[in-house]
Amino acid sequence: MIDLFYAGWVNIYLRLEWGWSVVGSVSKTSQIPGFYRLSPVERLKLVKEFAGLSEEEASLVGSMKGLSLELADRMIENVIGGMTIPLGVAVNFLINGKDYLIPMAIEEPSVVAAASNAAKICRVKGGFTTSATPPIMIGQIQLTSVVDPNWAKMVILESKEEILALANAQDPMLVKLGGGAKDLDVKVLHTLAGPMVIAELHVDCRDAMGANAVNTMCEAVAPLIEQKTRGKVYLRIITNLASKRLARAKTVADKRALGGSNVVDDIISAYAFAAADPYRCATHNKGIMNGVIAVALATGQDTRALEAGAHAYAARSGHYSPLTTWEKNEEGDLVGTIELPMAVGLIGGATATHPVAKVCTKILGVKSAVELAQIMAAVGLAQNLAALRALSQEGIQKGHMKLHARNIAVAAGAEGSLVDIVAQKMIAERRIRFDRAKEILEELKSVVKQP
Ligand code: MEV
């Protein structure tokens, strides 16, 4: 007998004389029906089983006290405490034939549910397929005060091997792992402050985000570049426009699962709007980043670097454009793609130090930064699909307002079962406001007080 165990494992049972016994588990699924209806404790129990978390890891996440004051004080300056935001888990993600539960740290309602719903739709036709470039980051060295910038460019290019060797001498461990400085580009810019020569180191960062490695290399090779060109180097810094470190994902969303052929057309029309208008496009891409950044935060990534890279990449043609594409295939299903820079790492930074980020990485079960990058691209694509579907159909306010009303009720002082009662009343009245929540709460309390 084969049975779908609730935690997502497909268990194989054998009928023995004394009853049924589990003899093995062939795979696990992230499709967990009714996950959203469970309590946080029940959900954590399922995630613990799915990801093989220890008691300690699970209770760290569940306790809401994942970061000690002592550790926080070592992470940044002038620490006074910590700020906790909710950690949710998106279900239904099937990526390259493998099931993932997606940890998402975010304060905005609806995002986790939307990602889970879109992933469910995409599952019908096989989920997401992804790919990525090697994890190459670019470091820039700004050379000024050269009278003949094109000559200087040639000199730097002729010294390429020497410069790369000096860069690689800064990080023998990275080189040993197959990474390191691999290439050098040089460009001449004509700027407000006169001509500049920009040398660009291409560094394979392997499983690191790479800012430290790249910045160290840039600083190390700057004197050599100055000496060769007799110019003056100023900036030596990584670029967040990580155009050589791209993650890609694609999916086919079944037209019936989406709600019909008209929904396919409506989503394509919404995408066309974003492609034509930067004002709409900024929000389109923001929706994508809702998913990407939620996973980034959960896994301790540099979220600002990811945001900067994504939006600069979206504007690389000179026309700010969507990071996704949506079109219809021969069967009339909706085909989506995404491509964006994804500078993420598994070693160094908060990923390696923040205890909750470590547990979230374990929940994802990723083995490399490149794998994490691809999952994040798939989540971004799912998030965009969910947003376009909702926006082009019933709008997003209905779903948003339900959670918003609960938040308002809590802010007004409602506790326990009163939260839902106050929220429901405000929704029914279409008056979701703090002052109204307070009034309802007072009314309810006075009713309870009456003998
Ligand atoms: C809200 O956080 C995100 C959306 O505005 C994205 C979009 O408009 O595509 C719903």
Side-chain angles (χ1 to χ4, degrees), residues 36 85-90 92-93 102-122 128 249-251 253 258-259 262-298 301 303-304 306-315 319-328 334-340 342 376-408 427 432:
Y36 69 96
I85 64 162
L87 177 69
V89 167
N92 300 323
F93 273 84
I102 313 285
M104 301 175 83
I106 188 161
E107 88 300 342
E108 184 176 332
S110 301
V111 171
V112 180
S116 303
N117 286 338
K120 189 174 174 189
I121 291 169
C122 295
F128 302 86
K250 60 181 171 42
T251 191
L258 274 171
N262 56 319
V263 181
V264 173
D265 293 335
D266 295 347
I267 290 174
I268 292 171
S269 157
Y271 159 62
F273 177 16
D277 177 31
Y279 284 83
R280 169 56 206 151
C281 193
T283 322
H284 178 103
N285 287 342
K286 187 271 183 183
I288 293 168
M289 298 312 281
N290 274 347
V292 172
I293 295 300
V295 182
L297 200 54
Q301 307 300 324
T303 55
R304 291 82 54 212
L306 290 164
E307 286 282 3
H311 294 289
Y313 193 69
H319 176 83
Y320 183 76
S321 305
L323 293 161
T324 52
T325 66
W326 294 102
E327 57 203 14
K328 196 162 33 173
L334 183 70
V335 176
T337 72
I338 186 168
E339 181 185 82
L340 75 170
M342 203 65 87
M376 288 167 67
V379 175
L381 187 59
Q383 208 72 59
N384 186 226
L385 174 61
L388 297 189
R389 181 169 178 255
L391 287 167
S392 66
Q393 304 304 307
E394 77 275 12
I396 59 163
Q397 282 314 85
K398 206 170 135 200
H400 249 295
M401 278 306 163
K402 234 161 108 188
L403 278 161
H404 180 56
R406 294 186 91 244
N407 286 341
I408 298 273
I427 292 168
I432 304 171

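Counting starts at 1 for both ligands and their atoms, following the listed order. In this chain, numbering begins with 1 at the start of the sequence shown.
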[atom1]-[atom2] distance between [X] and [Y], expressed to the nearest 0.5 angstrom:
X    : Y    : atom1 : atom2 : value
L385 : I288 : CG    : CD1   : 11.0 Å
E394 : R389 : CD    : CZ    : 7.0 Å
H404 : I427 : NE2   : CD1   : 10.0 Å

| Taking both backbone and side-chain atoms of N384, is any N or O found less than 3.5 Å from an N or O belonging to ligand 1? | no
| Steps toward side chain to side chain donor-acceptor pair (under 3.5 Å) verdict (Y320, H311) | CA-CA 8 Å; Y320 183 76; H311 294 289; 2.8 Å; yes
Which atoms of ligand 1 are found less than 4.0 Å from any heavy atom of [X]?
X    : answer
L391 : 7 (C), 8 (O), 9 (O)
K286 : 1 (C), 2 (O)
H284 : 9 (O)

Counting non-hydrogen protein atoms only, what is the nearest one to [atom]? Give residue, atom name and distance.
atom                    : value
atom 3 (C) of ligand 1  : N290 ND2, 3.5 Å
atom 10 (C) of ligand 1 : I396 CD1, 3.9 Å
atom 6 (C) of ligand 1  : T283 O, 3.5 Å

| task | Compare all side-chain heavy atoms of T324 with those of H284 and state whether any distance is below 4.5 angstrom. | result | yes
| note | Ranking E108, R280, R389 by closest non-hydrogen atom to atom 7 (C) of ligand 1, top hit is R280
| message | Which residues pass the salt bridge (Lys or Arg N to Asp or Glu O under 4.0 Å) test with D277, not counting sequence neighbours? | response | none
